[in-house]
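A quick write-up on the structure given underneath.
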Protein chains: 2
Amino acid sequence: MAPIYKLTYFNAMARVEPIRFLLSYGNIEFEDIRISQDDWSKIKPNMPFGQLPLFEFDDFKANQSIAICRYVAKQVKLVGSNDIENLEIDAVVDTVSDMRAKTVVFKHESDSAKKENLKKTLVEETLPYYLERFEAFAKSKGGYLAVGKLTWADIYFVAYLESMCTLMGKNLIENCPTLQNLEKRILNLPGIKAWIAKRPVTAV
Amino acid sequence: MAPIYKLTYFNAMARVEPIRFLLSYGNIEFEDIRISQDDWSKIKPNMPFGQLPLFEFDDFKANQSIAICRYVAKQVKLVGSNDIENLEIDAVVDTVSDMRAKTVVFKHESDSAKKENLKKTLVEETLPYYLERFEAFAKSKGGYLAVGKLTWADIYFVAYLESMCTLMGKNLIENCPTLQNLEKRILNLPGIKAWIAKRPVTAV
C-alpha cells in the first residue's frame, strides 16, 4: 500500500508548490496542510531545523524542499535514466533554485529604495541572464530543460514561475517562446491541471 | 574505461572541497584545475551560468557543486540503498549547505560593524543551532549524519568544516564529541588522508 504523504507548509505556493505539482502529476493523494502564523510559533520548535516544509509518511519526516521533490520525482518516474542524466537534471534544478533565491532577497528587503534597486537589477539583468540560458537549453533539448524529455526539472521550474512573475510584477518569460510552450504543456498535464483547478488561491 | 574528470575552480577549498574529497575517497584521479582571478575574467563568459565550479568529462559539462557531489557519490558507492535513504541523505546535505551559506554572507559583508554583529550571531546562535542538531543525528545514527552508515552526507559535512572553522576563527564542533569522532574517521579514510597530504594549502 502506498504511504499517506503529509505536506506541511504555510498558505502559499513558494517553495512547496513544486512538491505539490510533482505529487499531483503522479495522481498521488497527499494531505496539503497549510498552517497559520499562530500555529507556526507553536510547532516551530518541533521542526527538524525550525523551518518548513515538513514532509511526512509512516514514521519518516523530512525537511528540505529540493530533497523532497527529488524523492517524489523518483516515485512518479520523472528522473533521468542514468547517473549522468540525473546530474544534468540536478544541476538545472539547483540553478532554478539559485535564480529563485535572488527574488526572495528582493521580497524580504524592507528598505524601499534598496528594494526598488534590487527589482531593477533583477528584472533587467539577473533574471534575463538565467532565463535566456534556460530558453537556450530548452531550445536545444526538444523543448525540455534537461536530457531531452519531461523531467522533474521542468515541473520544478514551471511550479515556481507563477509566484516569481507575481512577485516581480512581470511576465518573466515574455521573450522566451520555448519556455512559454514548456509552461503550457506542464500546466496541461492532467494531474497538474486538476491540482491547479482545486488548489487554494494564493498570490505567491 | 573510466572518464577523465576535470574540476575547475579557484585556488580554495570552499564549495569544491567536498567534490575533491569524494573523488579522493574513491581513488578517482581528477584534474584539479585552479584558476587565477585574471584567468577567471577570461573564461567566465563560457561558464554555463557564469560561475564555478565546472565539472567536465567526455563531452559533458556540469555546474552546481551539490549536483556534482551526488553524481560522484554514486560512482564511489556512498549513496543510500533506497529512495527513502537518499531523501534522508539529500536533506542533510542541503541543510549543511544552508548552514554554510550563512557563513558566506558573513565572509562577504564589507561593513565592519555589521560583520562583527553577524559573526556574534553566527558563533553564538546560528551555527550551534545547526551543530547541536547534527550532533544529535550522529549520536542517534551510529556516529553518521544519515541512515546509520557512512554516506556522502558525512564527507560533505567534514569537507566544509575546516574552512568554516577557519572563517569563523573557532573550533565549531568543540562541544560535539560525536561530530569530532566523525571528523577523525573521515580524515583517516585512506583516499582522503592521501588527498589532504598532497593538496595545495589554502586558508579556506
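Letters A, B, ... mirror the listed sequences (proteins, then strands); counts begin at 1. What you see is a predicted model, and the numbers here were worked out from it, not measured in a lab.
Heavy-atom pairs under 4.5 Å with chain A peak, among N63(B), I89(B), D83(B), at D83(B). Ranked by heavy-atom pairs shorter than 4.5 Å toward chain A, the options K61(B), R70(B), R133(B) are led by R70(B). Interface summary for chain A: among Y71(B), F49(B), Y129(B), the most heavy-atom pairs under 4.5 angstrom belong to F49(B).
E88(B) places a side-chain heavy atom less than 4.5 Å from the side chain of F60(A).
For a residue to count as touching a neighbouring chain, one of its non-hydrogen atoms must lie under 4.5 Å from one of that chain's; by this rule F137(A) touches chain B with the side chain only. Of the atoms belonging to I84(A), heavy atoms from both backbone and side chain fall under 4.5 Å from chain B. With a 4.5 angstrom heavy-atom cutoff, A91(A) touches chain B via backbone and side-chain atoms both.
The environment of K139(A) atom NZ is sparse: at most 12 non-hydrogen atoms of other residues, nucleotides or ligands sit within 6.0 angstrom. Within a 6.0 Å radius of NZ in K114(A), other residues, nucleotides and ligands contribute 12 heavy atoms or fewer.
Distance CG/D94(A) to CG/D94(B): 7.0 Å, rounded to 0.5 Å. In this structure, D90(A) CG and Q64(B) CD are separated by 9.5 Å, a value rounded to the nearest 0.5 Å. The CG atom of N86(B) sits 4.5 Å away from atom NZ of K74(A), with the distance rounded to the nearest 0.5 Å.
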